[in-house]
There are 2 protein chains.
Amino acid sequence: MSDRSHTAQSRSECPVATALDVLGDKWTLLVIRDLLDGRRRFSEFERSPEGIPTNILSDRLKKLTEAGLIEARPRGTTTRFDYVPTDAAVALRPTLLALAAWGNDHFADTWTPPATWLEQSAES
Amino acid sequence: MSDRSHTAQSRSECPVATALDVLGDKWTLLVIRDLLDGRRRFSEFERSPEGIPTNILSDRLKKLTEAGLIEARPRGTTTRFDYVPTDAAVALRPTLLALAAWGNDHFADTWTPPATWLEQSAES
DNA sequence: CAGTATCCATTTTGATACTG
DNA sequence: CAGTATCAAAATGGATACTG
């Protein structure tokens with residue numbers, strides 16, 4: 001619920017700091033990862049191996065929508081949505097790739113990004 | 001104090017998740033940014049515009065040291081240190097650059113990385 | 001299924017004071 | 001300067017129950 005003031009730099013003029021205002025927590029970038037991996041529905045994010053709690057997931061989807069990284073498209077007549085990454089979210093792919101490469105180099109063994117990471121547009 | 005189990009992937013096999021186990025919070029990547037920007041002393045980190053509290057800074061320097069991203073070199077005979085980035089920390093520069101570029105593109109106006117970001121080795 | 005709400009324990013933050 | 005200690009407030013986490 002707290003306003004992250006995403007319309008401008010809130011903590012400083014440093015773009016890293018402003019980016020971290022939106023992304024700097026334990027779960028947000030994992031949601032983005034799943035988004036870039038082609039997931040669209042609540043349950044799809046939920047079943048990621050890290051096991052994000054449903055209340056946290058709900059909160060992050062909301063905040064990312066407010067921050068302009070997700071477009072929540074109503075599905076049918078229900079309260080359900082498809083969570084579609086905006087261009088701003090898609091633009092995070094280089095960051096995610098760099099982060100994944102680093103994590104892989106320094107903490108894991110071998111790993112290659114899924115094919116879905118290498119091409120994909122903002123719109124379905 | 002809590003062990004982050006940095007010696008292996010703790011939350012899953014995904015390198016993004018393992019990277020986030022070390023970096024996924026509000027302050028850590030800002031400390032890394034300052035480290036890559038050439039800062040070495042407690043007070044230098046402290047005076048960054050974001051205003052990190054001293055107890056948080058102390059904690060992060062400790063955790064980054066445990067995680068192998070910082071080498072804490074004693075300075076003189078006191079309890080003071082120079083905090084030097086290891087190769088693992090330096091290897092985060094592409095990630096930071098990508099993140100900064102994204103933050104700049106989507107939340108700020110114009111910005112270019114400081115010259116210190118473009119070249120610098122792990123050792124002083 | 002697709003979420004929202006609630007409760008409660010744990011963690012993190014932030015401000016400030018304090019020590020060598 | 002270079003941190004450590006303390007403590008209240010806020011955020012987060014996890015389990016579980018609930019609604020349409």
Side-chain angles (χ1 to χ4, degrees), chain A residues 1-6 10-12 17 20-32 34-35 38-67 70-84, chain B residues 1-6 10-12 17 20-32 34-35 38-67 70-84:
Chain A
M1 300 298 179
S2 65
D3 182 35
R4 289 197 180 203
S5 302
H6 59 272
S10 52
R11 284 196 293 179
S12 78
L20 289 174
D21 274 342
V22 179
L23 309 171
D25 79 299
K26 189 175 176 178
W27 294 107
T28 299
L29 279 172
L30 292 177
V31 173
I32 307 276
D34 291 346
L35 218 41
R39 306 193 190 195
R40 295 291 178 268
R41 301 185 179 187
F42 195 92
S43 62
E44 293 178 325
F45 295 101
E46 196 181 354
R47 75 171 63 104
S48 278
E50 291 83 14
I52 186 171
T54 56
N55 56 344
I56 305 285
L57 175 57
S58 183
D59 178 75
R60 292 303 185 280
L61 291 172
K62 214 161 287 172
K63 282 182 174 156
L64 285 173
T65 300
E66 292 168 7
I70 282 180
E71 182 194 342
R73 295 184 184 166
R75 194 149 45 83
T77 56
T78 66
T79 59
R80 302 169 185 195
F81 296 93
D82 275 331
Y83 300 98
V84 181
Chain B
M1 301 300 178
S2 64
D3 182 34
R4 288 198 180 201
S5 302
H6 59 271
S10 52
R11 281 196 294 180
S12 79
L20 256 24
D21 273 342
V22 180
L23 309 171
D25 78 299
K26 189 176 177 177
W27 294 107
T28 299
L29 279 171
L30 292 177
V31 174
I32 307 276
D34 290 347
L35 219 40
R39 305 193 190 195
R40 295 291 178 267
R41 300 185 180 186
F42 195 92
S43 62
E44 292 177 326
F45 296 101
E46 196 181 354
R47 76 170 64 103
S48 278
E50 291 83 14
I52 186 171
T54 57
N55 57 341
I56 305 285
L57 175 56
S58 183
D59 178 75
R60 292 303 184 278
L61 291 172
K62 214 161 287 172
K63 283 182 173 155
L64 286 173
T65 301
E66 293 168 6
I70 283 180
E71 182 194 341
R73 296 184 183 166
R75 196 149 44 84
T77 57
T78 67
T79 60
R80 302 170 184 193
F81 295 94
D82 275 331
Y83 300 98
V84 181

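Labels below follow one simple rule: chain letters A, B, ... track the order of the sequence lines, proteins then strands, and each chain is numbered from 1.
Note: CG (A:D82) to C1' (C:dA2) measures 12 Å, nearest angstrom. Rounded to a whole Å, the CD atom of B:E44 is 11 Å from the P atom of D:dG3. In this structure, the CG atom of B:D59 is 11 Å from the C1' atom of C:dT11, given to the nearest Å. Rounded to whole Å, the distance from CG on A:L61 to P on C:dG3 is 8 Å. The distance between atom CD of A:E46 and atom C1' of C:dT4, rounded to the nearest whole Å, is 12 Å. Between the NZ atom of A:K62 and the C1' atom of C:dT4 there is a distance of 7 Å, rounded to whole Å. Atom pair B:F81:CZ and D:dG3:P shows a separation of 7 Å (rounding to whole Å applied). Rounded to an integer number of Å, the gap from A:R39 CZ to C:dG3 C1' is 18 Å.
Side-chain contact check for B:L20 versus A:L30: some heavy-atom pair is nearer than 4.5 Å. Proximity of A:Y83 to A:E44: side-chain heavy atoms (C-beta onward) are nowhere separated by under 4.5 Å.
Using a 4.0 Å heavy-atom cutoff across all strands shown, B:Y83 reaches sugar-phosphate atoms only and no base atom.
Residues A:D82 and A:R73 are not paired through a salt bridge, judged by the lack of any N-O separation under 4.0 Å between the basic side chain and the carboxylate.
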Got a list of protein N/O to nucleotides 13-17 of chain D N/O distances below 3.5 Å?
residue: D:dG13; atom: OP1; partner: A:W27; partner atom: NE1; Å: 2.7
residue: D:dG13; atom: OP2; partner: A:W27; partner atom: NE1; Å: 2.9
residue: D:dG14; atom: O6; partner: A:N55; partner atom: ND2; Å: 2.8
residue: D:dT16; atom: O4; partner: A:T54; partner atom: OG1; Å: 3.4

So which protein N/O to nucleotides 18-20 of chain C N/O distances come out below 3.5 Å?
residue: C:dG20; atom: N2; partner: B:R80; partner atom: NH2; Å: 3.4

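Judged by distance alone, with hydrogens and angles left aside, the side-chain atoms of A:R40 form a donor-acceptor pair with the main-chain N or O of A:L35 at under 3.5 Å. Between the side chain of B:T65 and the backbone N or O of B:L61, at least one donor-acceptor pair lies under 3.5 Å.
The shortest distance between the side-chain N/O atoms of A:R75 and the OP1/OP2 oxygens of C:dA2 is below 4.0 Å. The shortest distance between the side-chain N/O atoms of A:S43 and the OP1/OP2 oxygens of C:dA2 is below 4.0 Å.
For DNA chain D, runs of at least 3 consecutive pairs of the Watson-Crick or G-U wobble type, with both hydrogen-bonding distances under 3.5 angstrom, map to C:1-20 with D:1-20.
When all heavy atoms are compared, the tightest approach of A:F45 to A:V31 is CE2-O, 3.7 Å. B:W27 approaches B:P53 most closely through the heavy-atom pair CZ2-CD, 4.0 Å.
Checking A:L64, A:I56, A:D59 one by one against A:T28, the side chain to side chain contact (heavy atoms under 4.5 Å, CB included) holds for a single residue, A:L64.
With sequence neighbours left out, A:N55 forms a side-chain hydrogen bond (donor to acceptor under 3.5 Å, both in side chains) with no residue at all. Taking B:S48 as the reference, B:D34, B:R39 meet the side-chain hydrogen bond (donor to acceptor under 3.5 Å, both in side chains) condition, with sequence neighbours excluded.
Taken from CG in B:D21 to CD in A:E50, the straight-line distance is 9.0 Å, to the nearest 0.5 Å.
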